[in-house]
Amino acid sequence: MSDVRVRLAPSPTGYLHLGVTRTALYNWLTARSGGGSFILRIEDTDRERSTDEFLEAIITDLRWLGLDWDEGPEVEGPHGPYLQSQRGGTYAPFVERLVQEGAAYRCYCTPEELEERRSARSADEAEAWKYDRKCASLSRDEREALERAGRPHVIRFRVPGGKTSFVDAIQGPVEFENDQFDDLVIARRDGTPTYNMAVVIDDMEMRVTHVIRGSDHLTNTPRQIMMWRALGHEPPVFAHMPLLFGQDGKVLSKRRGAVSIGEYRRMGYLPEAIVNYIALLGWASESGEEILSLEQLADEFELSKLSRKPSTFDPDKLVWINAQWMKRLSVPERTERLLPVLRDEGLVAGELTSEEREWLERVVDLIDDRLKTVRDVLDFDWFFLASGVTYDSMAVSKVLDKPGAGEILAGLRKVLSDAPDFTTDALETAIRSYAEEKGVSAGKAIQPLRVAVTGKTASPGMFETLSLLGRHRVLARVDAALELSS
RNA sequence: GGCGCCAUCGUCUAGCGGUUAGGACGCCGGCCUCUCAAGCCGGUAACACGGGUUCGAUUCCCGUUGGCGCUACCA
């Protein structure tokens, strides 16, 4: 077990979407590739917008994806609590210490006063307005007067002069002039810490060694580093990953209607595929291999090999990767993944008997690699219907209504009912010789039969399909089709 | 406005001074074939622009343009 400790710190103000998922994945991979720990910390201090429903969904979705955590909600651990809202007491001593040591100070300016001073500037200057440090050097008397007057205060961090530089594990060396930063508020009037202060303290308390997050936090980093140092600690390693764009070229976020992981699950995507695809957004295997499991990813993954370029989500490629995973699943496994959809749609009821399961697996085997998503089984609903099928009107006009089709079908009906047994081989022999007798190509006979039996022009191999469907259902459907064309 | 990050086919990428700029998705053909998929074969398509540095720049440096992010008593 290495001492690498990484964390994901989502706020439950929305569902888990691809952007956060990618951050989760890269953190998880970093932990798993080095035998480190992956911590889940929930930043739910925005009580207005945080909900339990989102929290539950985040937990469910991360687990579904296979991104399990070593410390965090429901598993707990030595550095909890892992819900920020329950960590209230831990912050005050740190903030107080900063004040004692002069690294932070009380500021009595009200938001209104601040706004006033700010808008007194010209438009350009107002843009660049930073807190004017009015309260940075209050004398003891001034401060006591303010206190006596009952003025509430916030705590501001006293940004030191000079520069802050660090080596980002993804971005490389970065340097900032400190004077571009405000003396930021680290504790609100009500005493609660603001984001930048809270993350620093939480990461410090949780012994986080690598902070891997979106590059939207890059500018926060120097300020956090200053706070780490003011608290007498060396900061962790920072790694800022490029952001993920939606197809509109904008950053993927819950506000912009990013699709949640739960949504992808309902659309029929496999967790393996989602995680696989997301890993490829900004990273490539040295081997060029694109279909990779979590285990394989953990083996090969290296933060330093991450691209610094933001990438755009491509739904087509996700579908392709999903299809790749579908076909790699064993038949019993694929059957298992299909079952929830079949049950939801009422195509399969309750628990399966072993005969039913065997039959289902034969169907799944026959459908073979025609499924790009789990939901695609619904294209094969005709396998599961006891009675008639719905005929696709295009299929009917293109095949059944063609001259001669009815006659061929009628002949086929006799062949099928006369067939001594309904095995694939027997059916193939019988149907092919019938076509030969009639002097037509096998396809000319099979297509009308396919439409009659499935309602569609496309299906798995006809002979296997007929055999699986069974004589009774096949004949009933052929009759229905004959009715249709007469 | 200030600060920061980024820039190779439509998309994801390989490249790390000399390559016919490679691969994948998509798209378009073909093969296979009872249809549809899958598979296989082939095709389409890129170094944003301008300066340097160098014998030589996609690659290194600077600038321009463009995209994105941060700039809250939100996280």
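Since we're looking at a predicted model, the values are computed, not measured.
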Review point. When rounded to the nearest Å, what value does the distance between P atoms of B/A21 and B/G43 take?
Key: 15 Å
Practice item. Could you tell me whether A/Thr457 contacts a base, only the sugar-phosphate backbone, or nothing, with contacts defined as non-hydrogen atoms closer than 4.0 Å? Key: base
Practice item. Enter the distance from A/Asn27:CG to A/Met241:CE here, rounded to the nearest 0.5 Å. Key: 8.0 Å
Review point. If you look at every strand shown and take non-hydrogen atoms under 4.0 Å, does A/Pro460 touch a base, only sugar-phosphate, or nothing?
Key: base
Exercise for review: Please state the P separation for the pair B/U8 and B/C61 - nearest whole angstrom.
Suggested key: 16 Å
Exercise for review: Report which part of the nucleic acid A/Thr192 touches: base, sugar-phosphate, or nothing (heavy-atom distance under 4.0 Å, all strands).
Suggested key: nothing
Review point. Just checking A/Tyr277: base, sugar-phosphate only, or nothing, at a heavy-atom cut-off of under 4.0 Å?
Key: nothing
Practice item. Would you indicate what A/Pro111 reaches in the nucleic acid, counting non-hydrogen atoms under 4.0 angstrom: base, sugar-phosphate, or nothing? Key: base
Check your understanding: Within the modelled atom types, does a donor on one side and an acceptor on the other bring the side chain of A/Arg308 and the base of B/C6 under 3.5 Å apart?
Key -> no
Review point. Taking C-beta and beyond as the side chain, do A/Asn276 and A/Ser293 meet within less than 4.5 Å on heavy atoms?
Key: no
Check your understanding: If you look at every strand shown and take non-hydrogen atoms under 4.0 Å, does A/Asp190 touch a base, only sugar-phosphate, or nothing?
Key -> nothing
Review point. At under 4.0 Å between heavy atoms, what does A/Lys250 touch on the DNA or RNA strands: base, sugar-phosphate, or nothing?
Key: sugar-phosphate
Check your understanding: Can you tell me how far P in B/G23 sits from the matching atom in B/G42, rounded to whole Å?
Key -> 10 Å
**Study point:** Short side-chain N/O contact from A/Ser215 to OP1 or OP2 of B/G4, under 4.0 Å
**Key:** no
Check your understanding: At under 4.0 Å between heavy atoms, what does A/Lys327 touch on the DNA or RNA strands: base, sugar-phosphate, or nothing?
Key -> sugar-phosphate
Review point. Looking across every strand, which nucleic acid part, if any, lies under 4.0 Å from A/Val251 by heavy atom: base, sugar-phosphate, or nothing?
Key: sugar-phosphate
Review point. In terms of the angle between their ring planes, are A/Tyr277 and A/Phe313 parallel, tilted or perpendicular, with boundaries placed at 30° and 60°?
Key: perpendicular
Review point. With a 4.0 Å cut-off on heavy atoms, is A/Ala442 in touch with a base, just the backbone sugar-phosphate, or nothing at all?
Key: nothing
Review point. NA contact type, A/Ser459, heavy-atom cut-off 4.0 Å: base, sugar-phosphate, or nothing?
Key: base
Exercise for review: Nearest whole angstrom, please: distance from the P of B/C12 to the CG of A/Leu280.
Suggested key: 12 Å
Check your understanding: A/Arg432 side chain N/O closer than 4.0 Å to the phosphate oxygens (OP1, OP2) of B/C34?
Key -> yes
Check your understanding: A/Lys309 side chain N/O closer than 4.0 Å to the phosphate oxygens (OP1, OP2) of B/C68?
Key -> no
Check your understanding: Just checking, any donor-acceptor pair under 3.5 angstrom between side chains of A/Gln447 and A/Arg450?
Key -> yes
Exercise for review: Return no unless some side-chain N or O of A/Gln324 is found under 4.0 Å from OP1 or OP2 of B/G39.
Suggested key: yes
Practice item. Let me know the distance between CG of A/Asp216 and C1' of B/C68, rounded to the nearest Å. Key: 11 Å
Check your understanding: Which part of the nucleic acid does A/Gly214 contact within heavy-atom distance under 4.0 Å: base, sugar-phosphate only, or nothing?
Key -> nothing
Practice item. Pick base, sugar-phosphate or nothing for A/Phe176, based on heavy-atom distances below 4.0 Å to the nucleic acid. Key: sugar-phosphate
Practice item. Would you mind classifying the nucleic acid contact of A/Glu289 as base, sugar-phosphate or nothing, using non-hydrogen atoms under 4.0 angstrom? Key: nothing
Exercise for review: Please measure how far the P atom in B/G17 lies from the corresponding atom in B/C25, and state the result in whole Å.
Suggested key: 30 Å
Check your understanding: Parallel, tilted or perpendicular for A/Phe176 and A/Phe166, by the 30°/60° rule?
Key -> parallel
